[in-house]
Amino acid sequence: MSSLFPLTQKERENRIVWASVRATLEAFRFKYKRNGKKSKSKWSFFERLLGIFVIVLKIIGLYKLGIENAKRIEVKTLSLVISGLPDHFNGYKILHLSDLHIDAIMGLEDIIIEKIKSLDYDLCVITGDFRKQTTGGFKQILPAIEKLQKAIKATYGTLAILGNHDTFRMVDRLEEFGIRFLVNETVAIEKEGQTIHITGTDDTFYYYSDEAINALENQTDGFKLALSHTSELSDVATKNGYQLYLCGHTHGGQICLPHGIPVIAHQKGGKKFIKGLWQVNGLKGYTNPGVGVSGIPLRYNCPPQIVLISLL
Ligand SMILES: [Fe+2]
């Protein structure tokens, strides 16, 4: 299925170089961060802790509740006033999905489809983490993602970026379903002679490369939306005149204390980036707590979200 935003020859050439770099980064057990590489060994330790946590939850009778919570998806509607938004984009609606981890909960795609079927939106964006695991194959996600993409009725299609759980190998396969990935790329959306620009970066939580920053340093004017798996490039987006930044990754903590206080959020940028709306100078951002789960298929005090944004 073809996208409304076909790849340019230059993008095709760049992707060949990008894929070879990403393949190398994926082959090693390091997190490649903006400030250098770090070991992934803490994640294995974290997974062992989760195993103990699950046993405790089963003993105290809270495990089933966690599973039910993870399937109880909220639809969050937001109206964002954006200065400089072109007139014809007033009321433009973006469906924001993040952190599907679609193979972590059997049938999650059907719950999402049921939730979005009555929503109206112009564009869908998916900010990474299609898969449960961070390594291995991805064929297990294909039927669910294809089904979901068929149910997404967006006039301007679906744009997506990779998360730290994803592999470069899934891009071509998912694009066959009509999802257009933005791999450090920018697309222009035109409406009645007016244009907005959307730039998507590769994941920078595990697979940082300077190309992600370079992509945000493009010289486009007017309204600019950045899509990145984490909030960690918000400073770059601010410097480069972006008005909106959509991300995910944190799951809002996923396992939270009462009042949504996360136990762990897997990010160090500051509390304001853990979940929901934030602002850095002229840049508005939203950290989507995700529609899926990772690690364990449970949520407490942190409902999964589908986010519907109206630009005003
Ligand atoms: Fe995630």
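We number each residue from 1, following the sequence as shown. In each ligand, atom 1 is the first atom listed, and ligand 1 is the first ligand listed.
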Quiz item: Considering all heavy atoms of both residues, which atom of Arg131 and which atom of Asp166 are nearest to each other, and what is their separation?
Solution: N-OD1, 3.3 Å
Exercise. With sequence neighbours excluded, tell me which residues meet side chain to side chain contact (heavy atoms under 4.5 Å, CB included) with Thr201.
Key: Asn184, Ala212, Leu216, Ser228, Leu233
Quiz item: In chain order, what residues pass the side-chain hydrogen bond (donor to acceptor under 3.5 Å, both in side chains) check against Glu13, with sequence neighbours excluded?
Solution: Gln9
Self-check item: Under-2.8 Å protein N/O/S neighbours of the Fe ion (ligand 1), ordered by chain then residue number
Solution: Asp99 OD2, His101 NE2, Asp129 OD2, His251 NE2
Quiz prompt | Sidechain-backbone polar pair: Glu26 side chain, Phe168 backbone, donor-acceptor under 3.5 Å | solution = yes
Self-check item: Parallel, tilted or perpendicular: rings of His249 and Phe205 (30°, 60°)
Solution: tilted
Donor-acceptor pairs under 3.5 angstrom involving side-chain atoms of residues 64-78: please list them, not counting sequence neighbours.
residue: Asn69; atom: OD1; partner: Arg72; partner atom: NH1; Å: 3.3
residue: Asn69; atom: ND2; partner: Leu65; partner atom: O; Å: 3.4
residue: Asn69; atom: ND2; partner: Arg299; partner atom: O; Å: 2.8

